[in-house]
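Values below: all heavy atoms of this structure, side chains included; hydrogens, waters and symmetry mates excluded. Numbering of ligands and ligand atoms starts at 1, following listing order. Predicted, not measured: the structure shown is a model, and the values here were computed from it.
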Amino acid sequence: MRMKNLVVALVVLSAALAGASEENLKARREFADMRFGVFLHWGLYALHGQGEWYQANRNIDRREYAKLKDCFNPVKFDAKKWARTFKEAGVRYVTLTSRHHEGFSMFATKENDYNVMTSPYGRDIVRELGDAVRAEGMKFHLYYSLVDWHLDEYPLGDCTNKKGWDSSKIDYAKYHAFMMNQLTELLTNYGPIGAIWFDGEWDHSPKTKFDWRFRELYDHIHALQPACLVGNNHHHDLIAGEDFQMIENTVREGQRLNPAFPLETCETMNGNWGYAMGDLDYKTVDQLVKLLVRNAARGANLLINIGPQPNGELPALACERLAGLGAWLKVYGETIYGTEAGPVFPETDVVATVKGGTTYLHFLDPKRTAFACRIPGKVESVTAFPSGRRVVFTQTAEGVLVLAPTVDGSVPDTVLTVKVASQK
Ligand code: FHN
(Lines give C-alpha, C1' and ligand atoms only; values in the text may rest on other atoms or scores of the structure.)
Protein backbone atom coordinates (compact mmCIF):
# COMPACT_ATOMS: atom_id res chain seq x y z
CA MET A 1 0.00 0.00 0.00
CA ARG A 2 1.38 3.42 -0.86
CA MET A 3 2.21 5.82 1.98
CA LYS A 4 -0.71 8.17 1.31
CA ASN A 5 -3.25 5.31 1.22
CA LEU A 6 -1.78 3.94 4.42
CA VAL A 7 -2.15 7.31 6.14
CA VAL A 8 -5.75 7.67 4.92
CA ALA A 9 -6.55 4.16 6.17
CA LEU A 10 -5.01 4.95 9.55
CA VAL A 11 -6.98 8.21 9.78
CA VAL A 12 -10.25 6.43 9.03
CA LEU A 13 -9.44 3.63 11.47
CA SER A 14 -8.46 5.91 14.32
CA ALA A 15 -11.49 8.13 13.65
CA ALA A 16 -13.76 5.12 13.78
CA LEU A 17 -12.22 4.16 17.11
CA ALA A 18 -12.50 7.66 18.48
CA GLY A 19 -15.90 8.25 16.88
CA ALA A 20 -14.87 11.34 14.88
CA SER A 21 -17.56 12.80 12.62
CA GLU A 22 -17.28 13.26 8.85
CA GLU A 23 -17.04 17.06 9.30
CA ASN A 24 -14.24 16.56 11.75
CA LEU A 25 -12.29 14.25 9.44
CA LYS A 26 -12.67 16.75 6.61
CA ALA A 27 -11.46 19.55 8.88
CA ARG A 28 -8.42 17.46 9.85
CA ARG A 29 -7.51 16.95 6.20
CA GLU A 30 -7.92 20.66 5.45
CA PHE A 31 -5.85 21.55 8.50
CA ALA A 32 -3.08 19.19 7.43
CA ASP A 33 -2.88 21.03 4.10
CA MET A 34 -2.59 24.51 5.59
CA ARG A 35 1.04 24.32 6.69
CA PHE A 36 1.27 27.90 7.96
CA GLY A 37 -0.51 29.64 10.82
CA VAL A 38 0.08 32.62 13.10
CA PHE A 39 -0.09 32.28 16.87
CA LEU A 40 -1.01 35.39 18.88
CA HIS A 41 -0.27 35.62 22.60
CA TRP A 42 -2.17 38.68 23.71
CA GLY A 43 -3.55 39.62 27.09
CA LEU A 44 -2.96 41.93 30.05
CA TYR A 45 0.65 40.74 30.18
CA ALA A 46 1.38 42.82 27.07
CA LEU A 47 1.21 45.87 29.35
CA HIS A 48 4.35 44.79 31.22
CA GLY A 49 6.20 44.02 28.01
CA GLN A 50 7.97 41.10 29.69
CA GLY A 51 6.23 38.03 28.38
CA GLU A 52 3.09 36.19 29.43
CA TRP A 53 4.57 34.51 32.53
CA TYR A 54 5.32 37.81 34.30
CA GLN A 55 2.72 37.29 37.05
CA ALA A 56 4.07 33.86 37.99
CA ASN A 57 7.74 34.54 37.41
CA ARG A 58 7.70 37.62 39.65
CA ASN A 59 5.34 35.97 42.15
CA ILE A 60 2.97 38.91 41.94
CA ASP A 61 -0.11 38.89 44.16
CA ARG A 62 -2.96 38.11 41.80
CA ARG A 63 -5.13 40.91 43.27
CA GLU A 64 -2.44 43.46 42.46
CA TYR A 65 -1.91 41.97 39.00
CA ALA A 66 -5.65 42.15 38.30
CA LYS A 67 -5.48 45.94 38.50
CA LEU A 68 -3.92 45.86 35.04
CA LYS A 69 -7.41 45.27 33.71
CA ASP A 70 -8.19 48.94 34.29
CA CYS A 71 -5.25 49.93 32.05
CA PHE A 72 -5.99 47.64 29.11
CA ASN A 73 -6.82 49.94 26.23
CA PRO A 74 -5.20 48.91 22.93
CA VAL A 75 -6.63 51.84 20.96
CA LYS A 76 -4.58 51.08 17.85
CA PHE A 77 -6.00 47.56 17.47
CA ASP A 78 -7.31 47.18 13.93
CA ALA A 79 -8.49 43.63 13.33
CA LYS A 80 -8.89 44.13 9.58
CA LYS A 81 -5.36 45.44 9.25
CA TRP A 82 -3.97 42.47 11.18
CA ALA A 83 -5.97 40.06 9.03
CA ARG A 84 -4.67 41.68 5.82
CA THR A 85 -1.11 41.46 7.13
CA PHE A 86 -1.54 37.74 7.82
CA LYS A 87 -3.24 37.09 4.51
CA GLU A 88 -0.45 38.83 2.61
CA ALA A 89 2.03 36.66 4.50
CA GLY A 90 0.44 33.50 3.13
CA VAL A 91 -1.01 32.53 6.52
CA ARG A 92 -3.87 30.02 6.38
CA TYR A 93 -5.07 30.19 10.00
CA VAL A 94 -4.75 32.36 13.08
CA THR A 95 -4.70 31.08 16.67
CA LEU A 96 -5.46 33.70 19.33
CA THR A 97 -5.17 33.32 23.10
CA SER A 98 -8.78 33.69 24.21
CA ARG A 99 -7.59 33.39 27.82
CA HIS A 100 -4.02 32.68 28.90
CA HIS A 101 -2.80 31.48 32.31
CA GLU A 102 -3.33 34.95 33.84
CA GLY A 103 -7.08 34.23 33.55
CA PHE A 104 -8.10 37.39 31.66
CA SER A 105 -10.62 36.65 28.90
CA MET A 106 -10.24 38.49 25.61
CA PHE A 107 -13.95 38.04 24.90
CA ALA A 108 -17.37 38.92 26.32
CA THR A 109 -17.71 36.13 28.82
CA LYS A 110 -20.57 36.08 31.30
CA GLU A 111 -18.62 33.72 33.55
CA ASN A 112 -16.70 36.44 35.38
CA ASP A 113 -15.92 40.11 34.97
CA TYR A 114 -12.19 39.61 34.48
CA ASN A 115 -12.52 40.21 30.76
CA VAL A 116 -11.95 42.72 28.01
CA MET A 117 -15.48 44.11 28.11
CA THR A 118 -14.93 45.52 31.60
CA SER A 119 -11.55 47.05 30.67
CA PRO A 120 -11.36 50.62 29.35
CA TYR A 121 -11.16 49.13 25.86
CA GLY A 122 -14.57 47.47 26.20
CA ARG A 123 -14.49 45.77 22.80
CA ASP A 124 -14.65 42.05 22.09
CA ILE A 125 -11.26 41.18 20.61
CA VAL A 126 -12.14 37.54 19.88
CA ARG A 127 -15.17 38.68 17.87
CA GLU A 128 -13.39 41.43 15.94
CA LEU A 129 -10.39 39.33 15.04
CA GLY A 130 -12.42 36.21 14.27
CA ASP A 131 -14.68 38.12 11.86
CA ALA A 132 -11.74 39.84 10.16
CA VAL A 133 -9.71 36.66 9.80
CA ARG A 134 -12.61 34.72 8.28
CA ALA A 135 -13.42 37.63 5.95
CA GLU A 136 -9.91 37.19 4.49
CA GLY A 137 -10.56 33.48 3.94
CA MET A 138 -8.45 32.16 6.81
CA LYS A 139 -9.52 29.90 9.66
CA PHE A 140 -9.78 31.16 13.21
CA HIS A 141 -8.52 29.02 16.11
CA LEU A 142 -8.57 29.70 19.82
CA TYR A 143 -5.98 28.96 22.46
CA TYR A 144 -7.61 28.15 25.81
CA SER A 145 -5.64 27.86 29.05
CA LEU A 146 -6.41 25.08 31.50
CA VAL A 147 -4.42 26.97 34.11
CA ASP A 148 -5.93 30.04 35.75
CA TRP A 149 -3.81 32.31 37.98
CA HIS A 150 -6.81 34.45 38.90
CA LEU A 151 -9.67 32.23 39.99
CA ASP A 152 -9.86 30.82 43.53
CA GLU A 153 -11.41 27.60 42.24
CA TYR A 154 -8.43 26.62 40.09
CA PRO A 155 -6.53 23.78 41.81
CA LEU A 156 -3.02 25.02 42.42
CA GLY A 157 -0.51 23.07 40.38
CA ASP A 158 3.25 22.79 40.24
CA CYS A 159 3.75 25.98 38.25
CA THR A 160 1.00 28.05 39.77
CA ASN A 161 1.70 31.37 41.41
CA LYS A 162 0.28 31.04 44.91
CA LYS A 163 0.40 34.63 46.06
CA GLY A 164 -2.97 36.01 47.09
CA TRP A 165 -4.70 32.65 46.82
CA ASP A 166 -7.48 31.54 49.14
CA SER A 167 -6.83 27.83 48.82
CA SER A 168 -9.90 26.93 50.90
CA LYS A 169 -11.96 27.83 47.81
CA ILE A 170 -10.28 25.39 45.44
CA ASP A 171 -13.03 23.48 43.69
CA TYR A 172 -12.24 21.69 40.45
CA ALA A 173 -15.86 20.75 39.78
CA LYS A 174 -16.70 24.46 39.81
CA TYR A 175 -13.68 25.36 37.70
CA HIS A 176 -14.48 22.61 35.19
CA ALA A 177 -18.03 23.98 34.90
CA PHE A 178 -16.52 27.45 34.33
CA MET A 179 -14.43 26.09 31.45
CA MET A 180 -17.39 24.19 29.98
CA ASN A 181 -19.48 27.38 30.08
CA GLN A 182 -16.75 29.50 28.52
CA LEU A 183 -16.32 26.92 25.78
CA THR A 184 -20.08 27.10 25.16
CA GLU A 185 -19.74 30.85 24.76
CA LEU A 186 -16.77 30.58 22.42
CA LEU A 187 -18.38 27.91 20.30
CA THR A 188 -21.85 29.41 20.05
CA ASN A 189 -21.25 33.18 19.87
CA TYR A 190 -18.27 33.49 17.55
CA GLY A 191 -19.03 31.61 14.34
CA PRO A 192 -16.99 28.62 13.16
CA ILE A 193 -13.93 27.99 15.31
CA GLY A 194 -11.31 25.92 13.51
CA ALA A 195 -9.69 24.52 16.65
CA ILE A 196 -9.45 24.79 20.41
CA TRP A 197 -5.83 24.71 21.55
CA PHE A 198 -5.60 23.62 25.20
CA ASP A 199 -2.52 24.41 27.25
CA GLY A 200 -1.50 23.84 30.86
CA GLU A 201 -1.98 20.15 31.57
CA TRP A 202 1.67 20.08 32.67
CA ASP A 203 0.74 22.24 35.72
CA HIS A 204 -0.18 18.99 37.47
CA SER A 205 2.66 16.50 37.26
CA PRO A 206 1.72 12.96 36.18
CA LYS A 207 2.63 11.72 39.69
CA THR A 208 -0.44 13.40 41.17
CA LYS A 209 -2.71 11.68 38.59
CA PHE A 210 -4.86 14.78 38.50
CA ASP A 211 -8.04 14.13 36.50
CA TRP A 212 -8.75 17.10 34.23
CA ARG A 213 -11.87 15.37 32.85
CA PHE A 214 -10.71 16.12 29.32
CA ARG A 215 -13.16 13.84 27.64
CA GLU A 216 -16.07 15.95 28.84
CA LEU A 217 -14.41 19.11 27.50
CA TYR A 218 -13.62 17.45 24.17
CA ASP A 219 -17.07 15.92 23.70
CA HIS A 220 -18.66 19.23 24.57
CA ILE A 221 -16.63 20.99 21.86
CA HIS A 222 -17.47 18.36 19.26
CA ALA A 223 -21.16 18.45 20.21
CA LEU A 224 -21.25 22.22 19.69
CA GLN A 225 -19.10 22.30 16.55
CA PRO A 226 -18.24 18.87 15.15
CA ALA A 227 -15.66 20.31 12.76
CA CYS A 228 -13.78 22.13 15.51
CA LEU A 229 -10.46 20.37 16.06
CA VAL A 230 -9.24 19.66 19.57
CA GLY A 231 -5.56 19.81 20.42
CA ASN A 232 -3.79 19.75 23.76
CA ASN A 233 -0.25 20.92 24.42
CA HIS A 234 0.39 18.12 26.90
CA HIS A 235 3.61 16.85 25.35
CA HIS A 236 2.61 13.18 25.35
CA ASP A 237 0.69 10.79 23.07
CA LEU A 238 -2.80 11.79 21.94
CA ILE A 239 -5.71 10.78 24.09
CA ALA A 240 -9.23 9.93 22.90
CA GLY A 241 -11.17 12.91 21.58
CA GLU A 242 -8.12 14.85 20.33
CA ASP A 243 -7.92 15.63 16.62
CA PHE A 244 -4.38 16.85 16.07
CA GLN A 245 -1.03 16.65 17.77
CA MET A 246 1.11 19.60 18.63
CA ILE A 247 4.72 20.04 19.53
CA GLU A 248 6.15 23.14 21.08
CA ASN A 249 9.18 24.24 19.09
CA THR A 250 10.28 22.41 16.01
CA VAL A 251 9.83 18.66 15.52
CA ARG A 252 13.03 16.89 16.37
CA GLU A 253 14.49 13.61 15.28
CA GLY A 254 13.12 10.66 17.21
CA GLN A 255 10.01 12.39 18.52
CA ARG A 256 7.08 9.98 18.79
CA LEU A 257 4.46 11.04 16.32
CA ASN A 258 1.20 9.47 15.26
CA PRO A 259 1.03 9.56 11.44
CA ALA A 260 -2.75 9.21 11.55
CA PHE A 261 -3.22 12.73 12.91
CA PRO A 262 -2.28 16.17 11.60
CA LEU A 263 0.74 17.70 13.28
CA GLU A 264 1.45 21.29 14.23
CA THR A 265 4.55 22.80 15.75
CA CYS A 266 4.57 26.24 17.32
CA GLU A 267 7.62 28.50 17.56
CA THR A 268 8.33 31.99 18.76
CA MET A 269 9.43 34.57 16.21
CA ASN A 270 11.78 36.11 18.78
CA GLY A 271 12.38 34.37 22.12
CA ASN A 272 9.04 35.10 23.81
CA TRP A 273 5.37 34.23 23.34
CA GLY A 274 3.86 37.36 24.90
CA TYR A 275 5.12 40.85 23.97
CA ALA A 276 8.62 41.39 25.38
CA MET A 277 9.93 44.89 24.81
CA GLY A 278 13.51 43.88 25.61
CA ASP A 279 13.56 41.09 23.06
CA LEU A 280 14.26 42.28 19.54
CA ASP A 281 16.11 39.12 18.69
CA TYR A 282 13.79 38.07 15.89
CA LYS A 283 14.60 35.15 13.62
CA THR A 284 15.55 36.34 10.15
CA VAL A 285 13.31 35.73 7.14
CA ASP A 286 15.90 33.24 5.94
CA GLN A 287 15.69 31.32 9.25
CA LEU A 288 11.90 31.43 9.25
CA VAL A 289 11.69 30.12 5.69
CA LYS A 290 13.97 27.25 6.63
CA LEU A 291 11.86 26.53 9.71
CA LEU A 292 8.71 26.41 7.61
CA VAL A 293 10.35 24.14 5.05
CA ARG A 294 11.84 21.77 7.63
CA ASN A 295 8.47 21.47 9.36
CA ALA A 296 6.62 20.84 6.10
CA ALA A 297 9.19 18.18 5.24
CA ARG A 298 8.23 16.41 8.46
CA GLY A 299 4.55 16.73 7.71
CA ALA A 300 3.93 19.54 10.20
CA ASN A 301 2.23 22.93 10.09
CA LEU A 302 4.28 25.80 11.43
CA LEU A 303 2.39 28.03 13.87
CA ILE A 304 4.65 31.05 14.19
CA ASN A 305 4.07 33.22 17.23
CA ILE A 306 3.81 36.99 17.60
CA GLY A 307 3.24 38.94 20.82
CA PRO A 308 1.07 41.98 19.95
CA GLN A 309 1.90 45.27 21.69
CA PRO A 310 -0.18 46.85 24.45
CA ASN A 311 -1.23 49.66 22.09
CA GLY A 312 -2.91 47.12 19.78
CA GLU A 313 -0.30 47.05 17.05
CA LEU A 314 1.77 44.14 15.88
CA PRO A 315 5.51 44.74 16.40
CA ALA A 316 7.06 46.25 13.28
CA LEU A 317 9.78 43.59 13.19
CA ALA A 318 7.16 40.84 13.20
CA CYS A 319 5.33 42.50 10.29
CA GLU A 320 8.56 42.80 8.35
CA ARG A 321 9.29 39.09 8.85
CA LEU A 322 5.75 38.19 7.84
CA ALA A 323 6.09 40.23 4.67
CA GLY A 324 9.31 38.36 3.85
CA LEU A 325 7.63 35.01 4.40
CA GLY A 326 4.70 36.11 2.26
CA ALA A 327 6.98 37.13 -0.62
CA TRP A 328 8.70 33.73 -0.42
CA LEU A 329 5.44 31.80 -0.23
CA LYS A 330 4.03 33.63 -3.26
CA VAL A 331 6.72 31.93 -5.31
CA TYR A 332 7.32 28.70 -3.40
CA GLY A 333 3.92 28.07 -1.77
CA GLU A 334 3.20 25.24 -4.19
CA THR A 335 6.08 23.29 -2.64
CA ILE A 336 4.68 23.76 0.89
CA TYR A 337 0.86 24.00 1.01
CA GLY A 338 -0.97 20.72 0.63
CA THR A 339 2.22 18.68 0.71
CA GLU A 340 3.13 15.67 2.81
CA ALA A 341 6.34 14.71 4.54
CA GLY A 342 8.96 13.60 2.04
CA PRO A 343 11.71 11.02 2.24
CA VAL A 344 14.29 11.75 4.92
CA PHE A 345 17.97 12.17 4.05
CA PRO A 346 19.70 11.86 7.43
CA GLU A 347 22.55 14.16 8.29
CA THR A 348 22.05 16.35 5.28
CA ASP A 349 20.60 19.80 4.88
CA VAL A 350 18.35 18.58 2.09
CA VAL A 351 14.71 17.95 2.95
CA ALA A 352 11.73 16.96 0.84
CA THR A 353 8.02 17.61 0.54
CA VAL A 354 5.73 15.48 -1.61
CA LYS A 355 2.53 16.13 -3.54
CA GLY A 356 1.16 13.27 -5.62
CA GLY A 357 3.91 12.05 -7.95
CA THR A 358 6.04 15.12 -7.34
CA THR A 359 8.84 15.37 -4.83
CA TYR A 360 10.24 18.79 -4.03
CA LEU A 361 13.84 18.66 -2.91
CA HIS A 362 14.74 21.67 -0.78
CA PHE A 363 18.45 22.49 -0.58
CA LEU A 364 18.87 24.58 2.55
CA ASP A 365 22.65 24.92 2.47
CA PRO A 366 23.83 27.45 -0.12
CA LYS A 367 27.21 25.69 -0.37
CA ARG A 368 26.02 22.26 -1.48
CA THR A 369 27.07 21.39 -5.03
CA ALA A 370 26.15 17.74 -5.51
CA PHE A 371 23.63 15.36 -4.06
CA ALA A 372 22.68 11.72 -4.25
CA CYS A 373 19.58 10.32 -2.62
CA ARG A 374 17.20 7.41 -2.81
CA ILE A 375 13.84 8.43 -4.25
CA PRO A 376 11.04 5.87 -4.28
CA GLY A 377 9.96 5.14 -7.89
CA LYS A 378 11.34 5.83 -11.33
CA VAL A 379 12.35 9.45 -11.83
CA GLU A 380 11.01 10.96 -15.07
CA SER A 381 12.32 14.48 -14.83
CA VAL A 382 14.13 16.91 -12.58
CA THR A 383 13.63 20.63 -13.00
CA ALA A 384 14.57 23.75 -11.11
CA PHE A 385 11.71 25.42 -9.27
CA PRO A 386 10.20 27.81 -10.23
CA SER A 387 12.04 28.32 -13.53
CA GLY A 388 11.31 24.83 -14.88
CA ARG A 389 14.87 24.62 -16.25
CA ARG A 390 15.87 20.98 -16.81
CA VAL A 391 18.42 19.58 -14.40
CA VAL A 392 20.71 16.75 -15.49
CA PHE A 393 20.29 13.61 -13.42
CA THR A 394 21.08 9.93 -13.42
CA GLN A 395 19.25 7.23 -11.54
CA THR A 396 21.00 3.99 -10.70
CA ALA A 397 19.36 0.57 -10.88
CA GLU A 398 19.01 0.73 -7.07
CA GLY A 399 16.90 3.86 -7.40
CA VAL A 400 19.56 6.33 -6.32
CA LEU A 401 19.16 9.70 -7.93
CA VAL A 402 22.37 11.61 -8.57
CA LEU A 403 22.18 15.33 -9.13
CA ALA A 404 24.50 18.23 -9.53
CA PRO A 405 22.15 20.99 -8.40
CA THR A 406 23.05 24.61 -8.88
CA VAL A 407 22.35 25.90 -5.43
CA ASP A 408 21.46 29.56 -5.51
CA GLY A 409 23.10 31.18 -2.50
CA SER A 410 20.91 34.28 -2.78
CA VAL A 411 17.74 32.42 -1.74
CA PRO A 412 17.14 30.56 1.55
CA ASP A 413 16.01 27.43 -0.24
CA THR A 414 16.91 26.12 -3.70
CA VAL A 415 14.10 23.83 -4.85
CA LEU A 416 14.19 21.07 -7.45
CA THR A 417 11.04 19.36 -8.69
CA VAL A 418 11.40 15.62 -9.14
CA LYS A 419 8.62 13.92 -11.10
CA VAL A 420 8.21 10.23 -10.50
CA ALA A 421 6.41 7.87 -12.89
CA SER A 422 3.02 6.81 -11.58
CA GLN A 423 3.02 3.34 -10.03
CA LYS A 424 0.44 0.86 -11.18
O1 FHN B 1 3.03 28.26 29.47
C2 FHN B 1 2.72 28.32 28.11
C3 FHN B 1 3.42 29.44 27.42
O4 FHN B 1 3.11 30.64 28.03
C5 FHN B 1 2.97 29.47 25.97
O6 FHN B 1 1.59 29.68 25.88
C7 FHN B 1 3.34 28.16 25.32
C8 FHN B 1 2.92 28.06 23.87
O9 FHN B 1 3.13 26.79 23.39
N10 FHN B 1 2.72 27.04 26.04
C11 FHN B 1 2.98 26.98 27.48
C12 FHN B 1 4.24 26.32 27.79
O13 FHN B 1 4.25 24.99 27.37
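With respect to Lys169 and Asp166, a salt bridge is recorded, a charged nitrogen being found less than 4.0 Å from a carboxylate O. Under 4.0 Å is where a charged nitrogen must lie from a carboxylate oxygen, and between Glu30 and Lys26 at least one such pair does.
Annotation for ligand 1: atoms under 4.0 Å from non-hydrogen atoms of His101 are 1 (O), 2 (C). Against a heavy-atom cut-off of under 4.0 Å, His100 is close to the following atoms of ligand 1: 3 (C), 4 (O), 5 (C), 6 (O). Shown in contact with Asn233 at under 4.0 Å from a heavy atom are these atoms of ligand 1, numbered in order with element: 9 (O), 10 (N), 13 (O). Interface atoms of ligand 1 facing Cys266, defined by a heavy-atom separation under 4.0 Å, are 9 (O). Ligand 1 places these atoms under 4.0 Å from at least one heavy atom of Tyr143: 6 (O). The ligand atoms of ligand 1 that sit less than 4.0 angstrom from a heavy atom of Glu52 are 3 (C), 4 (O), 5 (C).
Checked against a 6.0 Å centroid threshold, the rings of Phe345 and Phe371 count as neighbours. Checked against the 6.0 Å centroid criterion, the rings of Tyr45 and His101 do not qualify as a close aromatic pair. Residues Phe104 and His150 place their aromatic rings such that the two centres sit no closer than 6.0 Å.
Within the structure, no pair that satisfies the salt bridge (charged side-chain N to carboxylate O under 4.0 Å, His left out) test touches residues 194-206, not counting sequence neighbours.
Checked by distance only, ligand 1 and Trp197 stay at 3.5 Å or farther apart across all their nitrogen or oxygen atoms. In terms of polar-atom proximity, Asp199 is counted as a contact of ligand 1, with an N or O under 3.5 Å from an N or O of the ligand.
Note that OG1 of Thr188 and CD1 of Ile193 are 10.0 Å apart. Values are rounded to the nearest 0.5 Å.
Under a 4.0 angstrom heavy-atom cut-off, Tyr45 registers as lying outside contact with ligand 1.
Scanning the protein heavy atoms around atom 5 (C) of ligand 1, the nearest turns out to be His41 NE2, 3.4 Å. Closest protein heavy atom to atom 13 (O) of ligand 1: Glu248 OE1, 2.6 Å.
By the salt bridge (charged side-chain N to carboxylate O under 4.0 Å, His left out) test, Asp286 pairs with Lys290, sequence neighbours left out.
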